[in-house]
There are 2 protein chains.
Amino acid sequence: MTDKSAPPRVRAGRPTREQAEARHQELLDAALDLFLEHGFEVTTIEMIAARVSMTKRTIYARHPDKATLFRTAIQRAIERQIVPPHVLEALERGKLGATLEAIAWLRIEQIAAPHGLRLQHLINAESHRFPEIFTAYVEQSTRPLIDHVAAVLQRAVDAGEIAPTRVDHAASAFMSMVVGGPVRAIVGGLAPTRQELDEKVGFTVRLLLDGLRPR
Amino acid sequence: MTDKSAPPRVRAGRPTREQAEARHQELLDAALDLFLEHGFEVTTIEMIAARVSMTKRTIYARHPDKATLFRTAIQRAIERQIVPPHVLEALERGKLGATLEAIAWLRIEQIAAPHGLRLQHLINAESHRFPEIFTAYVEQSTRPLIDHVAAVLQRAVDAGEIAPTRVDHAASAFMSMVVGGPVRAIVGGLAPTRQELDEKVGFTVRLLLDGLRPR
DNA sequence: GTGAATAGCAACTCGCCCGTATCATTTGCA
DNA sequence: TGCAAATGATACGGGCGAGTTGCTATTCAC
């Protein structure tokens with residue numbers, strides 16, 4: 001006895017393939033936003049649906065469950081952060097110090113990006129429930145940069161620019177220093193100025209190069 | 001019409017003040033454990049109650065709600081991690097390098113402690129809901145150590161042991177390096193050996209001292 | 001055009017958990 | 001000794017969110 005005396009239907013209908021695909025991208029963007037803001041548990045499917053003016057039904061038509069939607073959205077964010085090799089190579093400057101500074105800035109901008117740091121925290125926080133996401137993040141985002149720094153340093157060692165050393169330790173230490181400051185600042189609610197960051201990056205690079213100066 | 005034909009009573013009764021206090025400590029320990037393991041949302045009051053063989057009733061007699069219980073338990077964990085000033089002073093060794101190594105080890109052991117890193121992650125993850133906890137952690141745990149390193153370095157500058165420099169930057173960079181490696185390792189599921197850590201700490205201290213060697 | 005697949009909506013079920021209330025029981029403490 | 005505090009057992013209201021289903025409306029394919 002579905003009377004429907006006052007049919008409140010507003011809009012419906014099957015969208016074009018392009019329309020559907022665009023909506024789907026919107027959905028993933030919204031899901032990412034909300035997950036980053038509120039975490040996995042607190043974010044509800046209906047919050048996401050409301051954000052893009054859909055209903056749960058439509059979301060569940062594409063994604064089997066909340067966990068899968070989460071994985072998909074986060075993996076997408078990780079992929080956006082991947083730096084392709086040719087970009088890394090393009091960071092090569094003439095002088096070692098300038099190259100390191102360029103790499104440092106690349107990472108800082110990733111972290112300072114609208115939700116860059118939240119992504120890290122979310123992935124850490126959910127690393128129990130989604131260990132594969134954590135692994136993916138390290139493998140695809142963190143590690144390549146460290147490895148690249150190590151390679152740059154190794155070349156500098158070979159060229160006699162710096163003293164022989166454990167380039168892996170040095171690279172890891174360098175990235176830790178670069179990231180540590182901004183992370184503390186941003187998480188603490190501060191927005192470090194370009195100048196402050198510049199100062200810190202300069203300090204870090206100088207410290208590393210002085211520490212590794214050939215005897 | 002509560003019949004209660006089969007009263008399955010087992011045990012009850014009023015405990016001694018000391019007993020009650022002891023149970024209360026047990027409760028907070030259990031709550032902390034579970035919050036660290038599962039996070040705020042997933043952990044339920046009944047999980048905590050079961051862990052210490054209590055009922056919700058008893059918990060709610062002491063804590064107005066779940067959020068307050070969370071704050072109390074976490075604050076307790078933070079306080080346990082606070083290093084009293086006299087302990088910091090006792091880390092002073094004759095040589096600057098040895099002092100820095102001692103400080104580094106102190107922090108590494110905090111992080112490698114059974115739930116040391118989880119505490120950080122939990123606090124970060126819940127920093128939206130409980131910003132005051134996040135602030136407390138930084139103020140009471142992170143910052144004092146960095147400040148102490150800065151003070152140690154300043155004294156070394158005054159003594160001419162190292163070149164004049166921004167000791168705040170240097171201290172921050174040092175602690176970042178010290179913490180960065182172990183964090184990546186532990187979160188990644190690895191358990192770095194004492195020897196590996198020793199090697200890293202040694203490397204870090206040497207890098208800093210060489211980088212700051214007086215001209 | 002016509003039929004079938006598809007996207008959409010709304011309402012529903014189911015289960016979970018917080019917080020509270022009730023009653024019985026034990027026991028510290030005055 | 002007797003009272004009240006403290007706790008256990010249990011039930012339940014209220015709310016909420018995940019996932020499902022029935023139905024409708026539109027578009028794609030032939």
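The sequence lines fix the lettering, A, B, ..., with proteins before strands; numbering per chain opens at 1. Computed from a predicted structure; not experimentally measured.
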**Student:** Closest approach to the side chain of B:Asp65, judged atom by atom: which nucleotide of C:dC18, C:dG8, C:dG19 is it?
**Tutor:** C:dG19
**Student:** In whole angstroms, how far is the C1' atom of C:dA7 from the OH atom of A:Tyr60?
**Tutor:** 17 Å
**Student:** Side-chain donor or acceptor of B:Lys66 under 3.5 Å from a matching atom on the base of C:dG19?
**Tutor:** no
**Student:** Is a salt bridge present between A:Asp29 and A:Arg80, judged by a nitrogen-to-oxygen distance below 4.0 Å?
**Tutor:** yes
**Student:** Just the rounded figure in Å: distance from C1' of C:dC17 to CG of B:Leu69.
**Tutor:** 15 Å
**Student:** Would you mind reading off the distance between B:Gln19 atom CD and D:dA6 atom P, rounded to a whole angstrom?
**Tutor:** 13 Å
**Student:** D:dG17, D:dT20, C:dT20: which one has an atom nearest the side-chain heavy atoms of A:Thr44?
**Tutor:** D:dG17
**Student:** Once you round it to whole Å, what is the distance between P of C:dG8 and NE2 of A:His24?
**Tutor:** 11 Å
**Student:** Salt-bridged, A:Glu199 to A:Arg194, with N to O below 4.0 Å?
**Tutor:** no
**Student:** If you compare every side-chain N and O of A:Thr58 against the phosphate oxygens of C:dG8 (OP1, OP2), does one of them come in below 4.0 Å?
**Tutor:** yes
**Student:** Which nucleotide sits closest to the side chain of A:Lys56: D:dG19, D:dG8, C:dC18?
**Tutor:** D:dG19
**Student:** Without decimals, in angstroms, what is the distance between A:Ile48 CD1 and D:dC16 P?
**Tutor:** 18 Å
**Student:** Taking side chain as C-beta onward, heavy atoms only, is B:Glu26 less than 4.5 Å from B:Arg51?
**Tutor:** no
**Student:** Reading DNA chain C from 5' onward, which residue's closest nucleotide shows up sooner: A:Arg62 or A:Glu46?
**Tutor:** A:Arg62
**Student:** When you measure from the centre of the six-membered ring of A:Trp105, is the NZ or CZ of A:Arg93 under 6.0 Å away and within 45° of the axis?
**Tutor:** no
**Student:** Select from A:Arg57 and A:Glu41 the residue whose nearest nucleotide in DNA chain D is closer to the 5' end of that strand.
**Tutor:** A:Glu41
**Student:** Tell me the interatomic distance from B:Ile59, atom CD1, to C:dC17, atom C1', rounded to whole angstroms.
**Tutor:** 13 Å
**Student:** Does B:Thr55 make a side-chain N or O approach to OP1 or OP2 of D:dG8 shorter than 4.0 Å?
**Tutor:** yes
**Student:** Expressed as a whole number of angstroms, how long is the span from B:Glu26:CD to D:dT7:C1'?
**Tutor:** 15 Å
**Student:** Taking only residues two or more places apart in sequence or in another chain, which ones pass side chain to side chain donor-acceptor pair (under 3.5 Å) with B:Glu126?
**Tutor:** B:Arg129
